[in-house]
Amino acid sequence: MIIDIHAHIVDRVYMQQLRDALKLEAQHTDDGKTLYRHEGYTIAWERPDMYDIDHRLREMDRKGIDMRVLSLSTPNVYCWPEAEQIGVTHRINDALADLCRAHPDRFVGLGSLPLANVEASLAELYRCVTELGMKGVMIGSNID
(Lines give C-alpha, C1' and ligand atoms only; values in the text may rest on other atoms or scores of the structure.)
Protein backbone atom coordinates (compact mmCIF):
# COMPACT_ATOMS: atom_id res chain seq x y z
CA MET A 1 0.00 0.00 0.00
CA ILE A 2 1.32 3.44 -0.93
CA ILE A 3 0.40 6.21 1.53
CA ASP A 4 1.07 9.88 0.87
CA ILE A 5 1.63 11.31 4.35
CA HIS A 6 1.90 14.95 3.29
CA ALA A 7 -1.27 16.14 1.58
CA HIS A 8 -3.69 18.93 2.40
CA ILE A 9 -7.36 19.54 2.72
CA VAL A 10 -8.47 22.37 0.45
CA ASP A 11 -11.67 23.98 1.65
CA ARG A 12 -13.48 26.93 0.06
CA VAL A 13 -14.82 28.37 3.31
CA TYR A 14 -11.38 28.24 4.94
CA MET A 15 -9.81 29.93 1.93
CA GLN A 16 -12.40 32.72 2.04
CA GLN A 17 -11.86 33.15 5.80
CA LEU A 18 -8.10 33.31 5.22
CA ARG A 19 -8.44 35.88 2.43
CA ASP A 20 -10.70 38.03 4.60
CA ALA A 21 -8.62 37.73 7.77
CA LEU A 22 -5.32 38.61 6.12
CA LYS A 23 -6.78 40.90 3.43
CA LEU A 24 -4.94 38.89 0.79
CA GLU A 25 -4.57 40.13 -2.75
CA ALA A 26 -5.42 37.66 -5.53
CA GLN A 27 -2.98 37.21 -8.40
CA HIS A 28 -4.00 34.95 -11.28
CA THR A 29 -1.33 32.99 -13.13
CA ASP A 30 -1.24 31.79 -16.72
CA ASP A 31 -1.43 28.15 -15.59
CA GLY A 32 -4.80 28.60 -13.82
CA LYS A 33 -3.66 29.15 -10.25
CA THR A 34 -4.74 31.97 -8.01
CA LEU A 35 -2.01 33.12 -5.65
CA TYR A 36 -3.05 34.91 -2.47
CA ARG A 37 -0.41 37.42 -1.52
CA HIS A 38 0.33 39.57 1.50
CA GLU A 39 3.06 42.21 1.45
CA GLY A 40 4.64 40.62 -1.61
CA TYR A 41 4.61 37.04 -0.26
CA THR A 42 2.38 34.19 -1.39
CA ILE A 43 0.49 32.98 1.68
CA ALA A 44 -1.76 30.44 -0.06
CA TRP A 45 -2.84 29.41 -3.53
CA GLU A 46 -5.58 27.46 -5.21
CA ARG A 47 -6.61 25.91 -8.49
CA PRO A 48 -10.22 24.98 -9.31
CA ASP A 49 -9.43 21.24 -9.56
CA MET A 50 -8.15 21.22 -5.97
CA TYR A 51 -11.78 21.37 -4.79
CA ASP A 52 -12.88 18.50 -7.03
CA ILE A 53 -12.58 15.41 -4.85
CA ASP A 54 -13.27 13.04 -7.75
CA HIS A 55 -10.39 14.68 -9.64
CA ARG A 56 -8.12 14.30 -6.62
CA LEU A 57 -9.05 10.62 -6.32
CA ARG A 58 -8.38 10.05 -10.04
CA GLU A 59 -4.98 11.75 -9.63
CA MET A 60 -4.20 9.49 -6.68
CA ASP A 61 -5.10 6.46 -8.79
CA ARG A 62 -3.01 7.73 -11.70
CA LYS A 63 -0.02 8.15 -9.37
CA GLY A 64 -0.54 4.82 -7.62
CA ILE A 65 -1.39 6.41 -4.28
CA ASP A 66 -3.73 4.25 -2.23
CA MET A 67 -4.32 6.65 0.66
CA ARG A 68 -3.53 10.22 1.66
CA VAL A 69 -3.09 11.64 5.13
CA LEU A 70 -4.67 15.09 5.00
CA SER A 71 -3.95 18.11 7.17
CA LEU A 72 -4.41 21.85 6.83
CA SER A 73 -1.52 23.66 5.19
CA THR A 74 0.16 26.77 6.55
CA PRO A 75 -0.77 29.23 7.82
CA ASN A 76 -3.20 26.75 9.34
CA VAL A 77 -5.36 28.52 11.95
CA TYR A 78 -2.58 30.46 13.63
CA CYS A 79 -3.16 33.82 11.93
CA TRP A 80 -6.49 34.37 13.70
CA PRO A 81 -6.83 35.87 17.18
CA GLU A 82 -7.56 33.39 19.95
CA ALA A 83 -11.37 33.59 19.99
CA GLU A 84 -11.66 33.35 16.20
CA GLN A 85 -8.97 30.67 16.01
CA ILE A 86 -11.12 28.30 18.05
CA GLY A 87 -14.12 28.66 15.70
CA VAL A 88 -12.03 28.38 12.53
CA THR A 89 -10.36 25.27 13.96
CA HIS A 90 -13.66 23.56 14.76
CA ARG A 91 -15.05 24.28 11.30
CA ILE A 92 -12.01 23.06 9.35
CA ASN A 93 -11.70 19.94 11.51
CA ASP A 94 -15.37 19.18 10.90
CA ALA A 95 -14.86 19.63 7.14
CA LEU A 96 -11.82 17.35 7.21
CA ALA A 97 -13.67 14.70 9.19
CA ASP A 98 -16.59 14.83 6.73
CA LEU A 99 -14.20 14.32 3.79
CA CYS A 100 -12.48 11.39 5.51
CA ARG A 101 -15.81 9.79 6.44
CA ALA A 102 -16.96 10.11 2.83
CA HIS A 103 -13.79 8.31 1.61
CA PRO A 104 -12.49 6.26 4.57
CA ASP A 105 -10.44 3.95 2.37
CA ARG A 106 -8.64 6.91 0.70
CA PHE A 107 -8.24 9.70 3.28
CA VAL A 108 -7.09 9.89 6.89
CA GLY A 109 -7.22 13.19 8.75
CA LEU A 110 -4.86 14.97 11.09
CA GLY A 111 -6.70 17.79 12.82
CA SER A 112 -5.60 21.32 13.62
CA LEU A 113 -5.43 22.86 17.09
CA PRO A 114 -6.17 26.43 18.24
CA LEU A 115 -2.77 26.77 19.89
CA ALA A 116 -3.47 30.29 21.18
CA ASN A 117 -5.60 28.60 23.85
CA VAL A 118 -4.17 25.55 25.63
CA GLU A 119 -7.48 24.43 27.15
CA ALA A 120 -9.25 24.70 23.79
CA SER A 121 -6.37 22.82 22.13
CA LEU A 122 -6.63 19.94 24.57
CA ALA A 123 -10.41 19.81 24.10
CA GLU A 124 -10.02 19.88 20.31
CA LEU A 125 -7.37 17.15 20.38
CA TYR A 126 -9.77 14.97 22.34
CA ARG A 127 -12.67 15.82 19.98
CA CYS A 128 -10.55 15.12 16.88
CA VAL A 129 -9.58 11.66 18.03
CA THR A 130 -12.70 10.51 19.87
CA GLU A 131 -15.56 12.20 17.99
CA LEU A 132 -14.20 13.01 14.54
CA GLY A 133 -12.23 9.79 13.99
CA MET A 134 -8.91 11.43 13.20
CA LYS A 135 -5.63 9.66 13.86
CA GLY A 136 -4.00 12.68 15.49
CA VAL A 137 -3.24 16.35 14.93
CA MET A 138 -0.74 18.35 12.95
CA ILE A 139 1.01 21.29 14.52
CA GLY A 140 2.33 23.73 11.95
CA SER A 141 5.43 25.85 11.90
CA ASN A 142 3.84 29.31 11.59
CA ILE A 143 3.32 29.84 15.31
CA ASP A 144 4.28 33.19 16.80
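Basis for what follows: all heavy atoms, side chains included, without hydrogens, waters or symmetry-related copies.
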### Message
For Ser73, run the side-chain contact (heavy atoms from CB on, under 4.5 Å) check against His8, Met138, His6 and tell me which one passes.
### Response
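The residue from His8, Met138, His6 that satisfies side-chain contact (heavy atoms from CB on, under 4.5 Å) with Ser73 turns out to be His8.
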
Are side-chain heavy atoms of [X] and [Y] found at a separation under 4.5 Å?
X	Y	value
Pro114	Glu124	yes
Lys63	Asp4	no
Gln85	Asn117	no
Thr29	Arg47	no
Tyr78	Ile139	yes
Asp94	Leu132	yes
Ile92	Gln17	no

For atom [atom1] of [X], is the number of surrounding heavy atoms from other residues, nucleotides or ligands below 6.0 Å larger than 12?
X	atom1	answer
Asp30	CG	no
Leu122	CG	yes
Gln16	CD	yes
Glu131	CD	yes

Would you check if the side chain of [X] reaches a backbone N or O of [Y] as a donor-acceptor pair within less than 3.5 Å?
X	Y	value
Arg106	Ile65	yes
Asp66	Ile3	no
Arg127	His90	yes

### Task
With sequence neighbours excluded, tell me which residues meet side-chain hydrogen bond (donor to acceptor under 3.5 Å, both in side chains) with His103.
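Partners of His103 by the side-chain hydrogen bond (donor to acceptor under 3.5 Å, both in side chains) criterion come out as none, since no residue qualifies.
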
Would a single hydrophobic cluster contain both [Y] and [X], if residues Ile, Leu, Val, Met, Phe, Trp and Tyr are joined by side-chain heavy-atom contacts under 4.5 Å?
X	Y	result
Val13	Leu18	no
Val129	Val77	yes
Ile86	Tyr14	no
Leu72	Leu24	yes
Ile53	Leu70	yes

Minimum heavy-atom distance [X]-[Y], with the two atoms named:
X	Y	answer
Pro48	Gly32	CD-O, 3.7 Å
Arg68	Met60	NH1-CG, 3.5 Å
Asp11	Tyr51	C-CE2, 3.7 Å
Asp52	Arg58	OD2-NH2, 4.3 Å
Ser112	Cys128	O-SG, 4.5 Å

For the atom pair [atom1] ([X]) and [atom2] ([Y]), what is the distance rounded to the nearest 0.5 Å?
X	Y	atom1	atom2	answer
Glu25	Tyr36	CD	OH	12.5 Å
Thr89	Asn76	OG1	CG	7.0 Å
Leu99	Arg56	CG	CZ	7.5 Å
Phe107	Leu57	CZ	CG	4.5 Å
Ile9	Leu110	CD1	CG	11.5 Å
Trp45	Met15	CH2	CE	9.5 Å

### Test side chain to side chain donor-acceptor pair (under 3.5 Å) applied to Thr34 and Arg19, His28, Glu46, Gln27, the passing residue
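Among the candidates, only His28 passes.
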
